[in-house]
Amino acid sequence: MEKTLLSILLLTPVIGFLINGIRFRSKNIKVAGSIGTGAALISFICSVALFFKVKAAPDHMVLVKFFDWINIGSLNIAAEFLVDPISSIMILIITGVGTLIHLFSIGYMDHDERPAKYFSYLNFFLFNMLVLVLASSLPLMFVGWEGVGLCSYLLIGFWFTDKEKAAAGMKAFITNRIGDAGFLLGMFMLFYTFGTLSFGELNEMMPAIPEIGWAGPVTLACLFLFIGATGKSAQIPLYVWLPDAMAGPTPVSALIHAATMVTAGIYMIVRMSPVFMVAPNVMMVIATIGGLTAVLAAAVGLTQWDIKKVLAYSTVSQLGYMFLAVGTGAFIPGFFHLMTHAFFKALMFLGAGSIIHAMHHEQDMRKMGGLKKKMPITYWTFMFGWLAIIGMPPFAGFFSKDEILWLAWASPLGSKWLWALGMIGAAMTAFYMTRLMCLVFWGEETRSDHKVKESGLTMTFPLMVLGFLSATAGFLGIPHVISAVLPGHPPNILGDWLGHTVVHLDIHGSAITEWLLMGWSVTVAGASALLAYYCYIKKITFVDKFTEQFKPLHQLVEKKYLVDELYQAKIITPLIGVSKILWSDIDVSFVDKCTHLLSRFAVSCGKGFRSFQNGNMQTYAFYMLLGSAVTLFYIMTGMGK
Amino acid sequence: MSPTIFYSLSIVLVVFSLLVVLCKNPLHSALFLALAMIDLAFIFFELKAPFIAAVQLMVYAGAVMVMFVMVLMLFDLKEDEESAFSGNPVINVFKFLSAGLLCWAISSKLFSYGDVAGLGAGKEFDIKALGTTLYTKYIFAFEALGLLLLLIAVGAVALSRTKGGTHDS
Amino acid sequence: MSPLIAIIFLGTVTLLFGSALLFVASLLGPKPKYSSVKDSSYECGLEVQETGHSKVPIKFYLTAILFILFDIEIIFMYPWAVTYLDFVNEGHGVYIFSVMAVFLLIFILGLIWEIKSKALEWE
Amino acid sequence: MGADIFEISINIIKILVIFLLMVQIVPLLVWVERRGSAFIQNRFGPNRVGPLGLTQLLADAVKFLFKEEFVPSKGKKFLFYAAPVIALVPGALAFASIPLSAPILVDAFEMFGKSWGPYRFAFQGFEMGVGIVFVLGISSLGAYALLMAGWASNNKYSMYGALRACAQMISYELALGLALVGILLIYGTFDFAEMVAYQEGPLSFFFMGKEVIVPFLPNWGIFYQPLGAVLLFCAMFAETNRTPFDLPEAEAELVAGYHTEYGGLKMLMFYIGEYGHMLVASALMATFYFGGYNLPFISTEAVNAFFAGFGFSATKASIVTAFALHVVLFTKILLFLWVFIWVRWTLPRFRYDQLMDLGWKTMLPWALANTIITAALVLLMRTEWL
Amino acid sequence: MIASTITLHHCLFLSILIFSIGAFGVLVRKNIIVILMGIELMLNAVNLSFVSFGYFNSSLDGQLMSFFVMTVAAAEAGVGLALAVTVFKKFKKIDIKLFETLRD
């Protein structure tokens, strides 16, 4: 039963991809859209069925093997898919959010001339993400990993006619590749040390005592795997591609660059939590990088005027939070934040999408304003997302973010500094998100001339569903502290559900400090939100004064720390230079000279032999006779013996 | 197989074949070759193969050489150009040496195989035995040769009937 | 052994006889006096054109080659003919007949092709 | 040539006698020809020199001896002389291999104080195991003489004449060969003596598996192979360049063909060669189809017994029978010779293309048909049908 | 070498001698027809060795084989001469070098 379910789950996106792929020239959005969404919907239904199957399964695990993929010597990897608590949640998120986004993009892409192609890419992305998530061994995951990278490239560069969009696609792909190289090296290290790559066996074979120092095999492997994760989930060194990835259509950004793909790195670490636990140093690295990314990205987010850029940087910073959580050993809260973030970030992206769609592809916030009255549904759903992300109590964001901050503070792997980074990040997030809200919704009308109206049901329905989810998702994982206070002590559903397979540290700090921290984070968020509201609605001039005072700092942050330029200068130009040198003196002079030498030699000995082939039969006959005479002579006179 | 006859016949044969190779006028060499064939026929008589000898007379001496002579007469070549040997003399000498080497290579060890010499003389020739073996054991070769001859006939006629040139078709 | 010596003896005898006759004739006959008229080749008295030959007929070569090929086919028939009776008496008559039938078929085929291809048309 | 001196000497004498027989027959035939042609054309032949002109031949021979030896200027001297001599060889060799009579059996006798063992002298030049094939082989050498003559006389017309004669000889050799195959089918042997032995007694052949004896007909080859005989005889005409086929000599523009430039004794030699061939031809006809040296119904033993009856000793009897049977064969040969001459003076000549077409397009196919029919008949007659 | 009775080796020696003479002829002579004659010589030498093997091993196969070689040799001579004729028709000269024109 499971096998058929799983195969339907995996195959429907592929079929969708093929059908749309074949008729990629058709202009009819209705047909292409319905096929794509239908495929996503079917796989969503299957994942729900699978979820209940896993729930019912004795050890909460469903392992289905389709065929032997590689078995050479000791390495034998099968196309074997594992559905356990973590991956069941993930497929739910992927297929659920995916279906909503497919629905949304039917409305969004209605003027596009290649809808079938778009939907086939989306379906293909779904398939790859499912493979990545359901893989029971690292190589199979890597297949999904690559497939997802490919789809992101295809979708970012969807309007490849525009040069810069194509360049953005290329950039995303190359940075991902760098990350993938790290992933590969990590895989090889693991295989070299443990001889196997399947998650189950790896987790069991982990030594109990954590390794000390940096040279340990598991540490190195985890480090490399982390590099892979940074590439995919856009952390400090390799995050440059995500802001540029906004060049793609907004639903794509929503699906890929908010909800699913970017979370792959975190999913991988959570999946291999026992392995990472063995390498505390790597955990510390992860945490610090996560924290730093959160703060820096948030800072940049403050200065951005393009609505999608702001959301992109907020994604990067939220991912930084997740890595912070995972780095401090809070795997479950990290995963919980991943889930909630998927909902509200997707919501916000779709919201931005519907705004852009309504504003006829206008993305600059300064030109927007006062959309509250014109687009009420988008406004209200966006409002839910905003409240969730800054962490207002009843909303999802509050529960997951505070859990992370609490564990950053309390967990043995965490430290006060990490908590401080987290807090600063949270403050900045609150600030720029409210800035966005003011500029877009609350400010006064700047474009009265243009008729802006609410987008259609296909776009607003997903917004409403996601709005509801980002509001209620928080109650899935209520921390103990709060549940103790609340009547009826609602259990931490997600915590218990994930507890079977994911490592979780039992923290027993005092409840009071937890409450204190919670209160502290809420106040900070609220204060920064009011500050932003004050700056952008009441007195616009304060912001300008503030920027003049910190001119250089503001410029630096606005220019995204000149990271792109840095890369350009430090990596790309020297690389081109070296290759030029290689080309000019080595290739031209040395290699060509040898080939000339060889050819001249061939010609000369050719001339030499030409005399043999002069067509005169008698010379041929003579050589034959000579040959036979000499051999006969050699044989007959027994010189051989 | 008295030695005198054999030696005389072989000496004559060697002389004739040398003449065939060496004399300038191709017609003379053709006639010497005919004589060499006849001499060879006599050797075959010696080796108790009268039928083969007769066939040799009929086929080689009687038909092939006649054809050679006829063709030579047809061409009626003017024997004015210089040496009848091709290529420069140095290579010719070298060719002669290589032919000599071949000859010496084989004959050097020939007379050292003592035991083979003891073979007795063969029995009297009997045509019936020859006929039966030909038509039972070598039947395939026999039919194949029939075909070969047909092919050669067609080929030769086709070859020699090219249009133009001094010969009418 | 005897026939061979007889043949050679008879051959030499005839050659000697012939050359003897010639030798005697050359002795007895008058010394040849070469005159331009007598010397020129006999053209029934007509002026001797230059012996350059314009068209050298190919027919002779054709006849010669065809003769050889058919001659060999005939020679192949001799052993057959000789052993024919033995085969027939032994009961393999049909076999030997069919063997030769095939061979003769090819022979006749060749002959027909020869005739049809006008290789032997004498002008 | 035999074990001891006696046998060798007898053999040598035998060969010489037969050679001279062949050479001497030529003047006789010339005489017969001239007289015969005269008789046919209702005129007198040579009758001035000696009784009935017999010594005319001697006169001609002497005349030839005194002819001037003449070689065309640019001709090849050696070849020019060699050609007539070579023309003799095939005739002689072929005739020597044909058995002229029954072998002479000489039983042991005393002479010069030594006892000489029993001998067997074949009444022919040499006893060749493969009679027919040898004769064919040797006769195919005849073409050389023509070619040499034509080539050596450096006369364009003589060269063409030689080529034509040679082509003609070649084509008819084919027909000859095929006719022989028919005979081989019947006798199943190459050797002449066996053939002659086979032809003794009354005509007996297999019909539908049963043996049939026809008392009133001799067991001659003609009855088995009538068509073969005709073919052989015509082919022989062509081989010897005799009348209907003597086109190369008599062509208007080719004048005398290959022996245009020849005069005197060399001309005579060509004639000897030609008549030699005729002799061989008629001898072959006799041996193949007309019972060789046997009388129609009488076998050689019977003749031997008959002479032994007169009180001769065994050797004397065999000698007498040999010579008697030789006379028988000789009459047959003369008969055929007369036919040769008779045909020469009655039939007109063929045109060259008619001649060649006859050779290739009629004689050869007929000979083939003859072979096939004979083979089929031999096969059918020997299988028991009924 | 001069032995009392003739053995197989004498015949073989004779055949290899004739063979090399023929080979020499083929290699050296310019005239195509003489080359063909050289080939005939070589083939006859082979015939001789076949028959002598047949004779000394008292088996008929030798003779039969030489019988076949003869027919093939005759056929070969025929075709060779046909080639020579075509060369003559084109070039009025019989010279082995003329076959080189086939090359280009």
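Every chain is numbered from 1 and lettered A, B, ... according to where its sequence line falls, protein lines coming before strand lines.
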Exercise for the section: Heavy-atom distances under 4.5 Å only: say whether Leu62(C) touches chain E with side chain, backbone, both or neither. Expected result: neither
Practice task
For the residue pair Phe87(C) and Tyr95(C), categorise the inter-ring angle as parallel (less than 30°), tilted (30 to 60°) or perpendicular (more than 60°).
Solution key: tilted
Exercise for the section: For the residue pair Phe97(C) and Val88(C), establish whether any side-chain heavy-atom pair is separated by less than 4.5 Å. Expected result: no
Practice task
Please examine the side chains of Ile32(E) and Leu83(E), heavy atoms only from C-beta on, and report whether any two atoms are closer than 4.5 Å.
Solution key: no
Problem - Ala82(E), part contacting chain C, at a heavy-atom distance under 4.5 Å - result: both
Exercise for the section: Provide the full list of side chain to side chain donor-acceptor pair (under 3.5 Å) pairs with a residue in residues 60-79 of chain E, sequence neighbours left out, each pair given once. Expected result: Lys137(B)-Asp61(E), Tyr138(B)-Asp61(E)
Problem - Residue list, side-chain hydrogen bond (donor to acceptor under 3.5 Å, both in side chains) with Ser117(C), at least two apart or on another chain - result: Arg161(B)
Handout entry: Phe50(E) and Phe67(E) aromatic centres sub-6.0 Å
Key = no
Practice task
Name, in order of residue number, those residues of residues 37-49 of chain E that have a heavy atom at a distance of less than 4.5 Å from a heavy atom in chain C; otherwise write 'none'.
Solution key: none
Handout entry: Any pair counted as ring pair (Phe, Tyr, Trp, His ring centres under 6.0 Å), so long as it reaches residues 18-49 of chain E, sequence neighbours left out
Key = Phe96(B)-Phe24(E)
